[in-house]
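Presented below is the structure to which this report refers.
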Amino acid sequence: MYIKYCKKEHSVNDGCNTILIGTLKSYVKNDSSFSTELIYDNNEIKKSVCSSQDIQLSSGELHKATGIKFDQSKDGDIFLDITDSNGQVSGLTLDASSQKASFIDQSGEIPNCFIYCLANTNEVNQDDGKKINKDYNNSFEIKNIHDFCYTTANLLLKNLTLEDFDFDTSKDTLAYLKNIQIKIICRDIEYKESKTAHITEKNKNKILNEIDKYERWLFVKDKKYEDVPEFRIAFIIMDEYGTILSVKKESKLLYLPEMLGISQT
């Protein structure tokens, strides 16, 4: 069962006809006092990769890990291209003779996207809801998860405005909205000792293929948040070329149609 724990006034079982679609950043609090609460995760939008200068990487491998690559100039010189670097990289070195590079760590942020979080459970337990938020005293079931995802995505697409995007939309404003699309990815969150990806000689190929994907950072959380296993639906806004468009921090309130795959009990 896919269960949404909430306050009574936000439950469709009690007459509420809206849902609030959050974002990765809406579950981040700048105040460090929030960092221990289950509902707030200050690592949601962060990407962090650690390596060692003993681990030598080809240009393609370095690009997967950091967004940086190296190439050869017309004169034959090897140079680093940091155009697509994903945040700050420390300890970056390049051995021109072996054409291998290494780094110590890389940290940055992934594009912010809309998310909707549920509990994937065999039974409704209101105590689990209170582990997420002490004020949660109600719940409702998403009966048909596929209908819910696609209907919600369509609602979201119809209600997007330029003000929802986290970048300058002052130029070519119509182009931003004309061909955008929403990619839906939903799955259970994977809980690890640390969200940071650690590259070693043994796991290098596996980790590089994993961290190169945007969804890796969407569906991995620190183990301290595993008390109530989360099923997450990500609504990723993309342009016609497949580029992810970052949205602002604010959640989006949507008015529900009568049929949305929600079971009222």
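All figures in this text were calculated on a predicted structure; none of them were measured in a lab.
Considering all non-hydrogen atoms of both residues, S97 and D95 come closest at OG-OD1, 2.5 Å. Considering every non-hydrogen atom in both Y136 and K130, the closest pair reads O-NZ, 3.2 Å.
Side-chain atoms of L208 and E210, non-hydrogen and from C-beta on, never get closer than 4.5 Å to each other. Residues L24 and R232 are in side-chain contact: their nearest non-hydrogen atoms beyond the backbone lie under 4.5 Å apart. At a threshold of 4.5 Å between non-hydrogen side-chain atoms, the residues L57 and K100 do not count as touching. A 4.5 Å side-chain heavy-atom check between T18 and L254 finds every atom pair outside the cut-off.
Taking a cutoff of 4.0 Å between a charged side-chain nitrogen and a carboxylate oxygen, K223 and E226 qualify as a salt bridge. Looking at K248 and E250, no side-chain N of the basic residue comes within less than 4.0 Å of a carboxylate O on the acidic one, giving no salt bridge. Looking at E44 and K221, a side-chain N of the basic residue comes within less than 4.0 Å of a carboxylate O on the acidic one, giving a salt bridge.
Remark: side-chain polar atoms of W217 are paired, donor with acceptor, to backbone N or O of I211 under 3.5 angstrom. Side-chain N or O atoms of E215 include none that pairs as donor or acceptor with a backbone N or O of I185 at under 3.5 Å. In this structure, the side chain of K69 does not engage the main chain of L62 through any donor-acceptor pair within 3.5 Å. Looking at T121, its side chain never comes within 3.5 Å of a backbone N or O of V124 through a donor-acceptor pair.
In this structure, Y2 has its ring center under 6.0 Å from that of F231.
Stacking of K4 on the aromatic ring of Y116 is recorded, both the 6.0 Å distance cut-off and the 45° axial limit being met.
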Quick one, D222 with N43, criterion side chain to side chain donor-acceptor pair (under 3.5 Å). Give me CA distance, side-chain angles, the key distance, then yes/no. CA-CA 8 Å; D222 288 350; N43 291 317; 3.2 Å; yes
Verdict with reasoning, S90 to D105, per side chain to side chain donor-acceptor pair (under 3.5 Å): CA-CA 6 Å; S90 66; D105 61 66; 2.9 Å; yes
Evaluate I19 against F148 for side-chain contact (heavy atoms from CB on, under 4.5 Å), listing each step before the verdict. CA-CA 11 Å; I19 55 171; F148 177 82; 4.0 Å; yes
Between N159 and K252, is the side chain to side chain donor-acceptor pair (under 3.5 Å) condition met? List the steps. CA-CA 9 Å; N159 285 276; K252 191 82 171 172; over 6 Å; no
Kindly determine whether D166 and N112 satisfy side chain to side chain donor-acceptor pair (under 3.5 Å), including the steps that lead there. CA-CA 8 Å; D166 193 22; N112 190 34; over 6 Å; no
Apply side-chain contact (heavy atoms from CB on, under 4.5 Å) to I237 and F165, showing your working. CA-CA 9 Å; I237 314 299; F165 295 105; 3.7 Å; yes
Kindly indicate, with the supporting measurements, whether the criterion side-chain contact (heavy atoms from CB on, under 4.5 Å) is fulfilled by Q53 and I104. CA-CA 6 Å; Q53 290 187 325; I104 294 176; 3.8 Å; yes
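Counting heavy atoms of neighbouring residues, nucleotides and ligands inside a 6.0 Å radius, atom CD of Q88 does not exceed 12 of them. More than 12 heavy atoms of other residues, nucleotides or ligands lie within 6.0 Å of NZ in K192, so this atom counts as buried by the packing criterion. Heavy-atom contacts from other residues, nucleotides or ligands closer than 6.0 Å to NE2 of H146 number 12 or fewer.
Between the side chains of S107 and S48, not a single donor N or O lies within less than 3.5 Å of an accepting N or O. Judged purely by distance below 3.5 Å, without hydrogens or angles, the side chains of T200 and N203 pair a donor atom with an acceptor atom.
Rounding to the nearest 0.5 Å gives a distance of 12.5 Å between CD1 of I207 and CG of D212. Of the inter-residue distances, the one linking D147 atom CG with I142 atom CD1 reads 11.0 Å to the nearest 0.5 angstrom.
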